[in-house]
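These notes are about the structure you will find just below.
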Amino acid sequence: MILAAALPRKQNYFKSMDWLIGEIQREGVDVRLSCQGNLAVIDDGKPDAVILATGASPAVRLPHADSSIITAWEVLAGREVGKRVLILGGGMVGMETAEFLSEKGCQVTVITSREGMEKLATDMEGTTRALLLERLSASEISFVFAAKVVEVGKGRILVSQGEKRQWLEAETIISAQGSQSNQDLLRALEGKVPQILSIGDCVEPRSAKEAIHEGFWAGLQV
Ligand SMILES: Cc1cc2nc3c(=O)[nH]c(=O)nc-3n(C[C@H](O)[C@H](O)[C@H](O)COP(=O)(O)OP(=O)(O)OC[C@H]3O[C@@H](n4cnc5c(N)ncnc54)[C@H](O)[C@@H]3O)c2cc1C
C-alpha cells in the first residue's frame, strides 16, 4: 500500500493505512518490526495457527536476465530514473508508473503485448481506469502495442511487432510485468504448524480488497 500511496492520485491510501495501524495498536497486537519471519522464528513462538500474508514480489519476464533493468516497484519506492524511459507492461502498475513519470517530465514509452488503448490496465477498478485511460490518451506518453521483447541490451530493447523489428533506446528501462506470490515460507511451514491460513497476494496477486477480506475471514477461523 505504501507503493500505491506514492502515486499522487492515491494518497488517500495513507488514510486506510493509518486506520489499520490504529486498529492494531488499539487491539494491543504484538508487532515485531524488522523481523524476517522464518521457520526458526515461528517455531519459537509455538503458534496454534499461522496466518501468512507475505504478499507478492515484482516478476521480471524477459528473454534473459539483465541487471540494468529496474522494476516499477523500485521507482515508486523512490529510485531515480533518467529523462528517457521505457516501461515494459500494460497493466495497472505500468500505466500508473508511466503517468507518474510523464508528469515528472520524463519522456515515456510503454511497450506492451496488448493490442490497443482499450486493452490497457484491465486489472483496475472501472471508474478509476476510465479516468486514467482518458488522461493517458491526452498525455505525451508513446505506446508500442502488440509488441514482443526479443532482446535486451544495455539501455536498449529489440521489439518485434509482427514482421517489424525495431531497437528502442532509453536511459532507464523499467519492468512492470506483473508480480508473483511469495510462497517460500508457506512451503517451509507445511506440516510443521497445526494450522496455516494464507491470505492476500501470497495466494495470488490481486488487490487490497481481497487481502483485507481474506484477513477478516482468517481471523474468524483460528
Ligand atoms: C503500485 C501498486 C499500486 C496498487 N494499487 C492498488 C489499488 O489502487 N487498489 C488496490 O486494491 N490494490 C492496489 N495494489 C495492490 C495491493 O497493494 C495489494 O493487493 C495488497 O497490498 C496485498 O496485501 P498483502 O497484505 O497480501 O501483501 P503486501 O501488502 O505485499 O504485504 C506483504 C508484506 O509481507 C512482508 N513479508 C514477506 N515475507 C515476509 C517474511 N518472511 N517475514 C516478514 N515479512 C514478510 C513484505 O515485506 C510485505 O511488507 C497496488 C499495488 C501496487 C504495487
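Read the numbers this way: they start at 1 and go in the same order the structure lists the ligands and their atoms.
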So is [X] polar-close to ligand 1, meaning N/O to N/O under 3.5 Å?
X: Leu76; result: no
X: Glu96; result: no
X: Gly37; result: yes
X: Lys10; result: yes

Which residue supplies the protein heavy atom nearest to [atom], what is that atom called, and how far is it?
atom: atom 23 (O) of ligand 1; value: Ala211 CB, 3.5 Å
atom: atom 9 (N) of ligand 1; value: Tyr13 OH, 2.3 Å
atom: atom 2 (C) of ligand 1; value: Val93 CG2, 3.9 Å
atom: atom 15 (C) of ligand 1; value: Arg206 O, 3.9 Å

Proximity to ligand 1 by part of Glu125, non-hydrogen separation under 4.0 Å
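Within the 4.0 Å criterion, Glu125 makes no contact with ligand 1.
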Between Phe143 and Phe145, how do the two ring planes meet: parallel, tilted or perpendicular, split at 30° and 60°?
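Answer is parallel, since the angle falls under 30°.
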Given [options], identify the one with the heavy atom nearest to [atom].
atom: atom 22 (C) of ligand 1; options: Thr97, Val41, Asp201; value: Asp201
atom: atom 14 (N) of ligand 1; options: Met124, Gln183, Met1, Met92; value: Met92
atom: atom 38 (N) of ligand 1; options: Leu33, Thr54, Ile42; value: Thr54
atom: atom 34 (O) of ligand 1; options: Ala208, Cys35, Ala53, Gly55; value: Ala53

Ser137 versus Glu134, side-chain donor and acceptor atoms under 3.5 Å:
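No, no side-chain donor-acceptor pair sits under 3.5 Å.
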